[in-house]
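Inspection log for the structure reproduced underneath, given as structure tokens.
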Amino acid sequence: MRIVSLVPSLTELLFDLGLDEEVVGITKFCIHPETWFRLKKRVGGTKQLHLDTIRLLLPDLIIANKEENTREQIEALQNEHKVLLTDIYTLSQSLDAIQAIGIAVNRQNAADELCARISKAIQTCAHQQSQQKVLYIIWNAPIMAAGNDTFIHAMLEAAGWQNIIDTSRYPVLEESQIYELQPDLIFLSSEPFPFAEKHQQAWQEKFPKSRVVLVDGEFFSWYGSRMLQAFPYFSRLHASLT
């Protein structure tokens, strides 16, 4: 089987399911595992795919995602190749996707075992329910936050925090709106915008009534095998905030 993955988190999943030679193409954002990032053929960005490069790889299966990839490009690929198109906004959808991919790539047992381990990891955060309201920021200018119908929202809730944003998708916010929201915590994600300490300091000065924290965005937004590491990370983050 020749597989092209157009989703960074699912590329990592394919590696953890024990595939190697089968994966012949990845995007330039598929940074895990590092050896694949260096050695595998890159087929463009998640939203700017090089369709001709993909065609030349003669894939038997292309793995894509409704949010991460563009509809027009995926439809063009569907006309020529088998595409497994994922749509993931909840924890249950993420587990379903892992199992569907496991079946598609002949790794069903490994996928089932991974899902069982992730489900057990999720339970470790079940007792860590917090009354703290979180504003999760994904972009700096304009300021964009994670809404209530995103995978980030699902992970925040599962980890025991309350997402203060009750609108859909990724709303653009003005600073005045953040003052009105009065979040207990402001999480500045490491991706897609690379928030760093200088941003944390600037945000803390602007919003002194909230605690501004730098967080690893991969643990909040990467569905797939990364979830296995996410919940221990959330436990450590809870401990650091008490």
Side-chain angles (χ1 to χ4, degrees), residues 1-89 93-108 110-111 114-115 138-139 144 146 150-152 155 169-170 189-194 216-230:
M1 178 177 284
R2 297 174 62 81
I3 304 167
V4 170
S5 175
L6 309 180
V7 188
S9 57
L10 299 182
T11 297
E12 181 180 50
L13 170 64
L14 293 172
F15 174 79
D16 288 328
L17 289 179
L19 299 151
D20 187 3
E21 293 182 3
E22 295 90 342
V23 177
V24 295
I26 62 175
T27 77
K28 65 180 182 180
F29 300 120
C30 295
I31 59 175
H32 301 298
E34 193 267 339
T35 53
W36 282 17
F37 180 68
R38 286 189 291 106
L39 300 176
K40 297 290 184 183
K41 183 69 175 180
R42 298 185 198 175
V43 298
T46 52
K47 297 190 183 300
Q48 293 180 321
L49 301 168
H50 300 156
L51 300 188
D52 288 341
T53 301
I54 295 173
R55 292 185 182 104
L56 289 173
L57 291 173
L58 302 175
D60 301 302
L61 178 67
I62 297 172
I63 296 177
N65 179 265
K66 281 189 177 181
E67 180 175 60
E68 298 220 27
N69 307 124
T70 61
R71 179 175 179 176
E72 294 77 15
Q73 290 197 309
I74 295 305
E75 287 180 347
L77 291 171
Q78 286 174 325
N79 289 331
E80 304 174 45
H81 307 283
K82 180 179 179 181
V83 177
L84 196 164
L85 182 60
T86 59
D87 190 18
I88 304 170
Y89 299 102
Q93 288 174 337
S94 68
L95 296 176
D96 288 346
I98 291 172
Q99 291 177 320
I101 291 170
I103 292 171
V105 300
N106 302 315
R107 293 293 190 278
Q108 183 173 0
L114 177 60
C115 286
I138 65 166
W139 203 257
M144 297 177 68
T150 62
F151 186 70
I152 292 171
M155 292 294 269
R169 309 309 299 140
Y170 302 99
S189 179
S190 60
E191 63 169 47
F193 183 87
D216 189 326
E218 291 178 0
F219 291 128
F220 286 93
S221 62
W222 282 41
Y223 31 77
S225 48
R226 176 68 43 157
M227 295 173 67
L228 200 57
Q229 303 174 45

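- Atom-to-atom distance recorded for Met227:CE and Leu95:CG is 5.5 Å, nearest 0.5 angstrom.
- Scanning all heavy atoms of the two residues, the minimum distance from Ser225 to Leu114 falls at CB-CD2, 3.9 Å.
- A donor-acceptor pair shorter than 3.5 Å can be found between the side chains of Trp222 and Glu191.
- Taking each heavy atom of Ala111 and Ile98 in turn, the nearest pair found is CB-O, 3.6 Å.
- Of all the heavy atoms in Ser190 and Gly217, the pair that sits closest is OG-N, 2.8 Å.
- Open room surrounds CZ on Arg71; 12 or fewer heavy atoms of other groups in view lie less than 6.0 Å from it.
- Val83 has its side chain out of reach of Leu6: every pair of non-hydrogen atoms, C-beta onward, lies at least 4.5 Å apart.
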Check against side chain to side chain contact (heavy atoms under 4.5 Å, CB included), Val24 and Lys41: CA-CA 6 Å; Val24 295; Lys41 183 69 175 180; over 6 Å; no

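- Without hydrogens or angle criteria, Gln99 side chain to Ala97 main chain gives no donor-acceptor distance under 3.5 Å.
- Scanning both residues, Gly18 and Arg107, for their nearest heavy atoms gives O-NH2, 3.6 Å.
- Residues Arg169 and Glu67 have side chains in contact (heavy-atom distance under 4.5 Å, counting atoms from C-beta outward).
- Annotation: side chain of Glu72 is not in contact with side chain of Glu75 (no heavy-atom distance under 4.5 Å).
- For the pair Leu19/Met1, no side-chain contact is recorded, criterion being any heavy-atom separation below 4.5 Å from C-beta on.
- Within the 4.5 Å cutoff, the side chain of Leu228 has no heavy atoms near those of the Asp16 side chain.
- In this structure, CD on Gln108 lies 4.5 Å from CD1 on Ile103, to the nearest 0.5 angstrom.
- A cation-pi contact, defined as under 6.0 Å to the ring centre and within 45° of the axis, is absent between Arg226 and Phe220.
- With rounding to the nearest 0.5 Å, the separation of CD in Gln229 from CD in Glu218 is 9.0 Å.
- Between the side chain of Ser9 and the backbone N or O of Tyr223, at least one donor-acceptor pair lies under 3.5 Å.
- In this structure, Leu14 and Ser5 approach most closely via the heavy-atom pair CD1-CB, 3.8 Å.
- Heavy-atom minimum distance, Ile88 versus Asn65: N-ND2, 4.0 Å.
- Summarising the local packing, CD of Glu34 is surrounded by more than 12 heavy atoms from other residues, nucleotides or ligands at distances under 6.0 Å.
- Phe15 CZ to Asp20 CG: the interatomic distance, rounded to the nearest 0.5 Å, is 7.5 Å.
- Judged purely by atom type and a 3.5 angstrom limit, Lys40 uses its side chain to pair as donor or acceptor with the backbone of Val23.
- The main-chain N or O of Glu68 is found under 3.5 Å from a side-chain atom of Lys47 such that the two form a donor-acceptor pair.
- Of the options Leu57, Leu58, Thr53, Leu51, a side chain to side chain contact (heavy atoms under 4.5 Å, CB included) to Arg55 is made by Leu51 and by none of the others.
- Counting only distance, with no hydrogens or angles, the side chain of Asn69 and the backbone of Thr46 share a donor-acceptor pair below 3.5 Å.
- From Ile63, atom CD1 reaches atom CG of Leu84 across 6.0 Å, with rounding to the nearest 0.5 Å.
- Note that the OG1 atom of Thr70 and the CG atom of Leu49 stand 6.0 Å from one another [nearest 0.5 Å].
- With Thr27 contributing its side chain and Gly45 its backbone, the two residues share no donor-acceptor pair below 3.5 Å.
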